[in-house]
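These notes are about the structure you will find just below.
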Amino acid sequence: MEEQQDFVKDITKMSDDFDRWYTDVVRKAELADWSGVRGMMVVRPYGWAMWEAIQRAFDDMIKESGHENWAFPLLIPREFLMKEAEHVEGFAPEVAWVTKAGARMEELEDPLAVRPTSETIIGAIIKRYIQSHRDLPKLTNQWNSVVRWEMRSRLFLRSREFWWQEGHTFHASAQEGMDEANLILGYYRSIAEEWLAVPVLVGRKSPSETFPGAVYTLALEGLMRDGLALQMGTSHYFGQNFARAYDISFSNKDNERELCYSTSWGISTRMVGAIVMAHGDDSGLIVPPKVAPVQVVVVPIFRDADSRTKVEKFINSWAPELKAAGIRFRVDWRDERPGDKYAHWELKGVPLRLNVGGRDADAGQVEMVDRLSREKRSLPVAGLAQALEGELEKFQSRLFERAQAFQRANTFELGTLDEVIAHFRERGGFVWVQWCGDEAEEARVKTDAGGVTIRTIDESAKVSGQCFVCGRPAKMRVALAKAY
RNA sequence: CGGGCGGUAGCUUAGCUCGGAAAAGCGCCUGGUUUGGGACCAGGAGACCGCGAGUUCAAAUCUCGCCCGCCCGACCA
């Protein structure tokens, strides 16, 4: 531990102040920054590259299942926004409006909303393209940014603008719509667990946390290292609510007019914040190999021009092999001392580092250090690419297992509200309880237990006990947590 | 959006009480010695002191307004 502290100069220790640690890591690892405009962030290349990896993965998944990318307008006429009552009410506090335009800042006759999400404008537009059941399902998605006028900002977790994908689909039956919401939830789970190595609880949201206008909302909840939950994605089933408001209808096989069933779903750049908070440590980031902008960094070690040449030739003898294998690697030839480079790439969370000096060149091997254990091992250069691919896979699963173990160690089962209150006075994590479903009780828990909310409802669970608040027969099993 | 705190070089900060020549460490640049876990020597560059008004002979320093950030609350992908 003592030694490890010596590795770190630039960031607040996680145990001293988690929030400052988070901000330090995001900024020092060059993921993102504030822009000078309140609440508006700039995502830097290293952070954006992680988002791009997520984009690619998810885009492939939805294309495979027949979804298509569209681009819909940034600005939404007020009348479009106003049609679905619950939706309007839910988003009203967060909408930014364009009210003036032109050199003379002339007042617009009809203010335009900057999209906080696009259900309304897509609903208003998509109906043109839907006439018959033969036009369904209509599976749309767009990659964009949205604006929500937040009062409090944190990099990646809550900014006034954030980048995401929003999928909007339209179906001929309720079942199809519900299946779609489930399908996407499964994709999201795969992104979280298989790509980001963050284990998640998946389930339904309580009514108070349901998306405005939705019949129900499904969501992913990850557990961060400070014991707080983070919502990492949502998938909503709307039934016919939006179709009714926007008159999105089709002729069914019996030539009857019918309203569509719709869904929407999104994951955002918040995912990058989840990577930081689910895996990071006092030395900085730890990036899952599958989304790592740099998977393997090579630090050459040499004394003079001759030994540099020797090391360089050695590296060049196997580097093309890594490239051909599709490994994202970088050789750090910067004019720094090796120790600086070690610290630098650890802060950036690169999974594997190869220290390569004259001794290694002579022996035909490299010294490999992984970001999780920091143990040094020698690998022969024969078959290096293949070996590294295996190491990256192992790293990915070790990271996931570590996060799983953390989640397990911080998941509890309690029986009464008093126990819940006592628990959250001491620590965080997920607490499973059985609940009767009374909304007033949910609000009471939030007040009495200091901001604890129902993160997810496990619909598959059999319930037999008593409600943790009122003692009446419970109807569902829910996970409680304090959340971001 | 309310309450509290803050903004001085790329970063972290001192200076502000009590107005009077803008400082330090780290980082950066150049040269040299170095290089297997955050080196050293020498030289150098870099600051509309957040922005705008005001008070004053004189403002980083005092006053007011605004902008941006942090913490706490209410609200939240």
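Below, chains carry the letters A, B, ... as their sequence lines are ordered, and counting in each starts from 1.
Across the strands present, B:A45 finds no partner; the criterion is a Watson-Crick or G-U wobble pair with both atom distances under 3.5 angstrom. Nucleotide B:C64 forms a pair with B:G52, judged by Watson-Crick or G-U wobble geometry with both contacts under 3.5 Å. The partner of B:A59, taking Watson-Crick or G-U wobble pairs whose two distances both stay under 3.5 Å, does not exist in any strand shown.
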Pairs under 3.5 Å (N/O, protein and nucleotides 65-69 of chain B):
| unit_1 | atom_1 | unit_2 | atom_2 | d |
| --- | --- | --- | --- | --- |
| B:C68 | OP1 | A:Arg38 | N | 3.3 |
| B:G69 | OP1 | A:Gly39 | N | 3.1 |
| B:G69 | OP2 | A:Arg38 | NH1 | 3.4 |

Contact list (N/O, under 3.5 angstrom) for nucleotides 7-9 of chain B vs protein:
none

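Taking a 4.0 Å limit (strictly below) on heavy-atom distances, residues 262-275 of chain A reaches RNA chain B at A:Ser268, A:Arg270. Within residues 227-239 of chain A, the residues approaching RNA chain B are A:Gln231, by heavy-atom distance under 4.0 Å.
Nucleic acid contact class of A:Phe302 (heavy atoms, under 4.0 Å, all strands): base.
The base of B:U34 does not come close enough to the side chain of A:Arg303 for any donor and acceptor atom to sit less than 3.5 Å apart. Residue A:Asp360 places a side-chain atom within donor-acceptor reach of the base of B:G36, judged by atom type and a 3.5 Å distance cut-off alone.
Between A:Arg337 and B:G36 there is a side-chain polar atom (N or O) within less than 4.0 angstrom of OP1 or OP2.
Pairs engaging residues 228-238 of chain A under the side chain to side chain donor-acceptor pair (under 3.5 Å) rule: A:Lys205-A:Gln231, A:Thr217-A:His236, A:Thr234-A:His236 [sequence neighbours left out].
When each of B:G37, B:G36, B:G73 is scored by its nearest atom to the side-chain atoms of A:Arg152, the top-ranked nucleotide is B:G73. Comparing atom distances between the A:Arg148 side chain and each of B:U34, B:A77, B:G37 picks out B:A77 as nearest. Relative to the side chain of A:Glu336, the nucleotides B:G38, B:C28, B:G36 differ in distance, and B:C28 lies closest. You'll find that the side chain of A:Phe162 is closest to B:A77, out of B:G37, B:U35, B:A77.
B:G20 and B:G25 are spaced 27 Å apart, taking the C1' atom of each and rounding to whole Å. Only the P atoms considered, B:G65 is 13 Å distant from B:G4, to the nearest whole Å.
Place A:Asn355 and A:Arg154 on RNA chain B by their nearest nucleotides, and A:Asn355 ends up nearer the 5' end.
Ring-centre distance between A:Phe58 and A:Tyr188: below the 6.0 Å cut-off.
Cation-pi geometry between A:Arg148 and A:Trp164 is satisfied (NZ or CZ under 6.0 Å from the ring centre, within 45° of the ring normal).
A search for side-chain hydrogen bond (donor to acceptor under 3.5 Å, both in side chains) contacts involving A:Tyr187 returns A:Ser65, not counting sequence neighbours.
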